[in-house]
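Before any comments, here is the structure.
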Amino acid sequence: MVNADGQLSSAAFPTEELLAVKGKTGASVDRCGLLEDPKRLLCQKIEEGANPAVGRNPWGYCTGEVGKIRSIGIAGNGSRQALKICPDPVVGNSNPKPWDQAHALILKFDNAYTRSQIRGVRDQLIEAFSCKVRTHATD
């Protein structure tokens with residue numbers, strides 16, 4: 001999901017997740033404004049989610065601005081909103097985590113949008129996030 005230079009790759013936002021198809025519900029993100037200590041909690045979440053056996057290593061995180069994400073448009077008759085951010089707090093977790101309430105999903109704004117249209121906005125979505133992934137070891 002991260003290139004050798006620390007930039008997000010398109011794999012960070014799989015098309016299936018943005019389209020919510022093939023059993024996917026959306027691209028998972030956390031709303032940092034709802035976290036008491038975002039840097040500490042995001043680093044803790046990264047460490048807990050690590051699974052080197054399947055290639056999920058604790059590397060880092062990046063932040064994005066909601067306004068920039070919502071301003072991404074689908075080309076056509078004017079620019080139509082491409083993506084939306086839906087609150088999706090984790091509930092019913094028998095071992096609640098401090099970031100559960102901050103969970104959200106990025107999804108296509110309109111069900112009529114096609115796979116190619118969503119692929120076409122993915123680069124803009126990546127640009128809406130901080131230019132470089134912050135390594136949790138140094139941040």
Side-chain angles (χ1 to χ4, degrees):
M1 292 203 285
V2 178
N3 296 325
D5 63 356
Q7 303 291 323
L8 284 178
S9 71
S10 60
F13 298 106
T15 306
E16 287 78 18
E17 289 182 4
L18 297 171
L19 291 169
V21 297
K22 297 183 180 180
K24 304 295 183 181
T25 56
S28 289
V29 293
D30 290 309
R31 297 171 293 157
C32 295
L34 299 179
L35 299 173
E36 286 185 30
D37 184 355
K39 287 182 181 181
R40 182 183 61 77
L41 289 176
L42 290 174
C43 289
Q44 180 182 345
K45 182 177 182 178
I46 291 164
E47 288 292 333
E48 288 186 20
N51 186 348
V54 296
R56 193 167 53 202
N57 296 308
W59 204 84
Y61 65 92
C62 61
T63 57
E65 293 181 30
V66 172
K68 287 182 181 179
I69 295 166
R70 288 188 177 132
S71 71
I72 296 170
I74 297 282
N77 297 337
S79 186
R80 301 174 294 156
Q81 184 175 349
L83 303 168
K84 61 185 174 182
I85 301 171
C86 303
D88 183 49
V90 176
V91 294
N93 188 349
S94 61
N95 184 18
K97 304 293 182 185
W99 49 79
D100 285 352
Q101 293 302 311
H103 187 261
L105 296 170
I106 298 176
L107 297 160
K108 64 182 176 176
F109 184 79
D110 187 327
N111 284 333
Y113 293 158
T114 66
R115 179 177 300 278
S116 64
Q117 286 174 311
I118 294 301
R119 269 195 310 261
V121 301
R122 190 168 41 194
D123 288 343
Q124 294 174 66
L125 178 59
I126 290 169
E127 287 177 19
F129 281 79
S130 56
C131 61
K132 193 163 188 172
V133 176
R134 299 177 199 172
T135 60
H136 73 282
T138 60
D139 219 18

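Not measured: the values here are computed from a predicted model.
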Problem set entry | salt bridge (Lys or Arg N to Asp or Glu O under 4.0 Å) contacts in which one or both residues fall within residues 12-25, not counting sequence neighbours | Glu16-Lys22, Glu16-Arg115
For this session: Kindly give the heavy-atom pair with the smallest separation between Trp99 and Asp30, and that separation in Å.
Result: O-OD1, 4.0 Å
For this session: First locate atom CG of Leu8, then atom CZ of Arg122, and finally report the distance between them rounded to the nearest 0.5 Å.
Result: 12.0 Å
Seminar exercise, completed: On a heavy-atom basis, the closest approach of Ala82 and Ile118 is O-CD1, 4.3 Å
Exercise. In terms of hydrophobic clustering (I, L, V, M, F, W, Y; side-chain heavy atoms under 4.5 Å; direct or indirect links), are Ile126 and Val66 co-clustered?
Worked result: yes
Exercise. Apart from Leu107 itself, which Ile, Leu, Val, Met, Phe, Trp or Tyr residues share its cluster (side-chain heavy atoms under 4.5 Å, direct or through members)?
Worked result: Leu105
Exercise. Sequence neighbours excluded, which residues qualify as side chain to side chain contact (heavy atoms under 4.5 Å, CB included) partners of Phe109?
Worked result: Gln81, Lys84, Tyr113
For this session: Side-chain contact test, heavy atoms from C-beta onward, threshold under 4.5 Å: evaluate it for Leu83 versus Gln124 and give yes or no.
Result: no
Problem set entry | Linked, directly or transitively: Ile74 and Val21 (ILVMFWY side chains, under 4.5 Å) | yes
Problem set entry | Non-neighbouring partners of Asn111 that pass side chain to side chain donor-acceptor pair (under 3.5 Å), sequence neighbours left out | none
Seminar exercise, completed: Sorted by chain and number, sequence neighbours left out, salt bridge (charged side-chain N to carboxylate O under 4.0 Å, His left out) with Lys97 holds for Glu48
Problem set entry | Val121 and Leu18, any side-chain heavy atoms less than 4.5 Å apart | no
Problem set entry | Approximate separation, where rounding is to 0.5 Å, of Leu19 CG and Arg119 CZ | 9.0 Å
Exercise. Any idea which heavy atoms bring Leu41 and Pro98 closest together, and the distance?
Worked result: CD2-CG, 3.5 Å
For this session: Verify, without hydrogens or angle tests, whether Gln117 (side chain) and Thr114 (backbone) share a donor-acceptor contact under 3.5 angstrom.
Result: yes
Exercise. Between Phe129 and Lys68, does a side chain to side chain contact (heavy atoms under 4.5 Å, CB included) hold up when you go through it step by step?
Worked result: CA-CA 9 Å; Phe129 281 79; Lys68 287 182 181 179; over 6 Å; no
Check residues 85-95 and write down every donor-acceptor pair under 3.5 Å in which the side-chain atom is one partner and the other belongs to a residue at least two apart or another chain.
from  : atom 1 : to     : atom 2 : distance (Å)
Asp88 : OD2    : His103 : ND1    : 3.1
Asn93 : OD1    : Asn95  : N      : 3.0
Asn93 : ND2    : Asn95  : O      : 3.3
Asn93 : ND2    : Asp100 : OD2    : 3.3

